[in-house]
Protein chains: 2
Amino acid sequence: MIVRVLKYAILGLLYRQEYSGYDITSQFKKEIGQFWSAKHSQIYPELRKLVDEGLLHFRTQIQGEKLEKKMYTITEAGRKELLEWALSPEPLPETEKDAFMLKMYFIHTLSQEEARILFENQLQQRQEKLVHLKQEYEQLIPLFGEENTSGAMHFDHPHLGHYLVLTKAIAREQSYVEWLKRHVHLLL
Amino acid sequence: MIVRVLKYAILGLLYRQEYSGYDITSQFKKEIGQFWSAKHSQIYPELRKLVDEGLLHFRTQIQGEKLEKKMYTITEAGRKELLEWALSPEPLPETEKDAFMLKMYFIHTLSQEEARILFENQLQQRQEKLVHLKQEYEQLIPLFGEENTSGAMHFDHPHLGHYLVLTKAIAREQSYVEWLKRHVHLLL
DNA sequence: AGTTACATGTAATACGTTACATGATTCT
DNA sequence: AGAATCATGTAACGTATTACATGTAACT
């Protein structure tokens with residue numbers, strides 16, 4: 001079951017608009033970066049590969065005086081392959097890697113105080129991230145449409161994808177924080 | 001920030017008892033596999049590397065008539081490096097990859113019905129996994145010690161690590177299921 | 001006798017990060 | 001003038017999966 005998720009992440013980003021390699025790199029630093037990302041050193045070769053495979057094409061655009069940038073567009077073949085992937089049911093990963101939880105599995109290697117410090121550090125980081133994500137959410141309510149108004153979220157809303165990943169990221173961090181809080185007493 | 005988490009996963013497993021490469025592979029199929037794992041093709045070369053680095057040594061044991069297996073033990077240097085890693089605060093990953101959520105970000109590529117099928121499929125898989133994890137938890141209550149009895153979980157409990165990863169995996173799946181249930185109405 | 005589990009390795013390939021390398025444009 | 005951002009690429013290395021390869025031991 002070979003997947004090449006980066007391929008589909010790029011095709012998906014180009015589904016609605018054309019982007020440069022740099023733009024794609026930037027997108028992975030925004031909301032979707034919570035669930036998928038790649039460095040520019042992986043993106044540029046992948047873009048070339050997708051062009052070679054006929055799933056993308058590009059035009060060269062001049063920025064300012066002479067800075068060339070390549071604007072990529074998805075082809076019909078690209079849309080077809082994207083749809084095929086998007087439609088396929090996603091199996092659960094056997095392992096969702098989490099180095100902090102690996103350390104917790106080996107908690108007996110630490111003293112109670114050492115474990116407590118590590119645990120409270122993780123709690124603080126997760127809480128800070130949660131605050132940050134909630135702030136992002138609050139700022140985007142006007143874009144999403146407030147609850148119980150004519151602008152509420154619905155399937156055809158242009159920012160449904162954004163809304164889903166943000167609420168999911170918040171749920172993930174909320175759950176992490178609650179689990180940490182529920183179990184910190186074991187280390188006190 | 002070079003990490004080599006597999007190295008520490010192996011050292012951690014060997015902290016309390018000796019294991020063969022096969023045993024380590026088996027451990028990654030049990031509870032810790034929720035948060036870290038590796039295939040035998042990655043484990044065997046890593047074990048060799050750790051021996052070369054003086055963090056492990058092994059003795060050859062005969063199983064049955066002539067089947068040789070290598071039983072690995074952690075060295076003092078190995079314990080030292082493991083502790084160093086275990087003590088270091090774990091930074092949050094920027095990205096926690098989730099291909100299903102990537103598909104949800106691109107939900108506008110699908111029809112409402114296609115999206116609903118995908119979403120309900122994920123909900124079912126996550127619910128099944130949650131049931132399975134809860135069953136594991138129920139079976140382990142005697143090992144963990146029931147709540148509000150003299151056998152309740154505490155820092156020195158020999159299965160605290162196991163308890164933590166199981167409760168965390170349950171929390172993760174519970175949160176996933178709840179998020180899916182909270183948002184499925186957008187696709188109906 | 002046949003199947004499953006135990007047991008160990010290597011080869012080829014794919015995926016991902018860090019470092020190397022260069023230059024233009026925009027903002028302060 | 002200097003810093004941050006925009007812009008694109010390659011090289012080296014590390015991590016991880018799939019496939020190849022072989023053989024023993026235990027269970028039914």
Side-chain angles (χ1 to χ4, degrees), chain A residues 1-10 18-30 33 35-53 56 58-72 85 91 93-99 102, chain B residues 1-11 18-30 32-33 35-53 56 58-72 85 91 93-99 102:
Chain A
M1 212 177 273
I2 45 157
V3 256
R4 288 182 64 191
V5 182
L6 178 58
K7 163 179 164 177
Y8 300 105
I10 290 172
E18 76 178 348
Y19 278 125
S20 68
Y22 188 87
D23 293 334
I24 290 168
T25 309
S26 303
Q27 286 300 312
F28 282 137
K29 290 172 186 159
K30 297 192 181 161
F35 299 104
W36 207 269
S37 68
K39 312 286 184 190
H40 79 273
S41 54
Q42 198 182 1
I43 291 164
Y44 289 116
E46 188 68 29
L47 283 167
R48 181 178 188 157
K49 207 173 169 190
L50 295 173
V51 169
D52 291 348
E53 290 169 357
L56 301 182
F58 68 90
R59 61 188 182 89
T60 303
Q61 194 182 288
I62 302 295
Q63 192 79 353
E65 288 281 296
K66 55 177 169 173
L67 179 60
E68 289 191 356
K69 64 172 174 177
K70 293 180 182 173
M71 297 303 290
Y72 292 88
W85 169 78
E94 285 162 48
T95 302
E96 299 182 40
K97 291 191 173 180
D98 182 333
L102 184 62
Chain B
M1 212 177 275
I2 42 155
V3 256
R4 288 182 65 192
V5 181
L6 178 58
K7 163 179 164 177
Y8 299 105
I10 290 171
L11 291 174
E18 75 177 350
Y19 279 124
S20 67
Y22 187 87
D23 293 334
I24 290 169
T25 309
S26 303
Q27 286 301 312
F28 283 136
K29 289 172 187 161
K30 296 192 182 160
I32 192 51
F35 298 105
W36 207 269
S37 67
K39 311 287 185 190
H40 79 273
S41 55
Q42 197 183 0
I43 291 164
Y44 289 116
E46 188 67 30
L47 284 168
R48 182 182 185 151
K49 206 174 169 189
L50 294 173
V51 170
D52 291 348
E53 290 169 358
L56 300 182
F58 68 89
R59 62 189 182 89
T60 302
Q61 195 183 288
I62 303 294
Q63 193 78 354
E65 288 280 296
K66 55 177 170 177
L67 179 60
E68 288 191 357
K69 64 173 174 176
K70 294 179 181 173
M71 298 302 290
Y72 292 88
W85 169 78
E94 286 162 47
T95 302
E96 299 182 41
K97 290 190 173 181
D98 182 334
L102 183 62

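Heavy atoms only: backbone and side chains are in, while hydrogens, waters and symmetry mates are out. Residue numbers start from 1 in every chain, and the chains themselves are labelled A, B, ... in the order their sequence lines are given, proteins ahead of strands.
End-to-end axis angle for the helix from C:dA1-D:dT28 to C:dT28-D:dA1, using five pairs per end and rounding to 10°, comes out at 40°.
For A:Tyr22, counting side-chain heavy atoms from C-beta on, the closest listed nucleotide (D:dG9, D:dT5, D:dA25) is D:dT5. Of the candidates D:dT15, D:dA16, D:dA19, D:dA16 carries the atom nearest the B:Leu6 side chain, counting heavy atoms from C-beta on. Proximity note for A:Lys39 (side chain, C-beta onward) versus C:dC15, D:dT18, C:dT18: the nearest is C:dT18. For B:Ser20, taking side-chain heavy atoms from C-beta onward, the closest of the listed nucleotides C:dT8, D:dT17, D:dT5 is C:dT8. Counting only heavy atoms from C-beta on, A:Lys66 has its side chain closest to C:dT25 among C:dT25, D:dT24, D:dG9.
Taking atom NZ on B:Lys30 and atom P on C:dA5, their separation rounds to 13 Å, with Å as the unit. A:Glu94 has its CD atom 13 Å from the C1' atom of D:dA16, to the nearest Å. Atom P of nucleotide D:dG14 and atom CD of A:Gln42 are separated by 17 Å, given to the nearest angstrom. Atoms CD (A:Gln61) and P (D:dC6) sit 15 Å apart, rounded to a whole Å. Between A:Asp23 atom CG and D:dC6 atom C1' the separation is 9 Å, expressed in whole Å. Rounded to whole Å, the distance from CG on A:Leu67 to C1' on D:dA7 is 5 Å. Between B:Glu46 atom CD and D:dT17 atom P the separation is 13 Å, expressed in whole Å. Distance CH2 (A:Trp36) to P (C:dC15): 10 Å, rounded to an integer number of Å.
Contact annotation: A:Gln63 side-chain N/O to D:dA7 OP1/OP2 distance is under 4.0 Å. A sub-4.0 Å separation between OP1 or OP2 of D:dA25 and a side-chain N or O of B:Lys69 is absent.
Closest non-hydrogen pair, B:Ser37 versus A:Thr95, comes out as OG-OG1, 2.8 Å. Contact record, A:Tyr22 with A:Tyr44: N-OH, 3.5 Å, taken as the closest heavy-atom pair. Heavy-atom minimum distance, A:Ile43 versus A:Ala38: CD1-O, 3.6 Å.
Judged by distance alone, the side chain of A:Asp23 and the main-chain N or O of A:Ser20 form a donor-acceptor pair under 3.5 Å.
Nearest-nucleotide assignment on DNA chain C puts the 5′-proximal partner with B:His40, out of B:His40 and A:Ser37. Toward the 5′ end of DNA chain C lies the nearest nucleotide of B:Gly21, the other residue of the pair B:Gly21 and A:Val5 mapping further downstream.
Summarising the geometry, atom CZ belonging to A:Phe28 is positioned 9.0 Å from atom CH2 belonging to A:Trp36; distances are rounded to the nearest 0.5 Å. The CG atom of B:Leu47 sits 4.5 Å away from the CD1 atom of B:Ile10 when rounded to the nearest 0.5 Å. Separating the CD atom in A:Glu18 from the CZ atom in A:Arg59 is a distance of 4.0 Å, to the nearest 0.5 Å.
A:Lys49 comes within contact range of no nucleotide atom at all, as no heavy-atom separation falls under 4.0 Å.
The aromatic rings of A:Tyr8 and A:Trp85 lie parallel to each other, their planes meeting at an angle below 30°, with 60° marking the opposite boundary.
Counting atom types as modelled, B:Ser41 pairs a side-chain N or O with a base atom of D:dT18 as donor and acceptor under 3.5 Å.
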